[in-house]
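Scroll down for the structure; my scribbles are underneath it.
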Amino acid sequence: MPNDRPERKDPLWELAAREEALFLRRSSTRFLECAIHLCATHMTLQEVADLLEEEAAQLRRYS
């Protein structure tokens, strides 16, 4: 299977990789915002905040 990365530094490939990473980051953030909004439509804001704090604590513990 051929490697998609060129052997030498290719400015176009580097730009594409950087833009892809930014797109994925923005998409992930948007997904998270939508998930939070969905939770807030079926839970109290305090419950959502508590849930997010629990998730953040787990991320910090395992990072």
Side-chain angles (χ1 to χ4, degrees):
M1 183 162 135
N3 187 353
D4 290 342
R5 288 181 110 170
E7 290 300 318
R8 60 182 170 75
K9 287 193 176 191
D10 180 357
L12 185 56
W13 185 90
E14 289 178 2
L15 175 63
R18 189 169 47 250
E19 289 301 316
E20 178 184 26
L22 289 171
F23 169 78
L24 292 172
R25 185 181 182 106
R26 286 190 309 267
S27 296
S28 297
T29 300
R30 183 72 175 144
F31 180 85
L32 176 61
E33 290 169 348
C34 291
I36 291 169
H37 177 75
L38 179 62
C39 288
T41 61
H42 302 288
M43 302 165 67
T44 68
L45 293 182
Q46 185 59 53
E47 289 172 324
V48 176
D50 292 343
L51 176 62
L52 291 171
E53 287 171 354
E54 290 171 16
E55 293 296 324
Q58 284 186 31
L59 288 171
R60 287 184 187 100
R61 189 173 347 171
Y62 296 108
S63 64

Identify each donor-acceptor pair in which a side-chain atom of residues 17-31 lies under 3.5 Å from a protein atom, sequence neighbours left out, and give them as a table.
| unit_1 | atom_1 | unit_2 | atom_2 | d |
| --- | --- | --- | --- | --- |
| Ser27 | OG | Phe23 | O | 3.0 |
| Ser28 | OG | Leu24 | O | 2.8 |
| Thr29 | OG1 | Arg25 | O | 3.0 |

Got a sec, which residues hit salt bridge (Lys or Arg N to Asp or Glu O under 4.0 Å) with Arg61, two or more places apart in sequence or on another chain?
-> none
What donor-acceptor contacts under 3.5 angstrom involve side-chain atoms of residues 33-57, with partners at least two apart or in another chain?
| unit_1 | atom_1 | unit_2 | atom_2 | d |
| --- | --- | --- | --- | --- |
| Thr41 | OG1 | Leu38 | O | 2.6 |
| Thr44 | OG1 | Glu47 | N | 3.0 |
| Thr44 | OG1 | Glu47 | OE1 | 3.3 |
| Gln46 | NE2 | Asp50 | OD1 | 2.7 |
| Glu47 | OE1 | Thr44 | N | 2.8 |

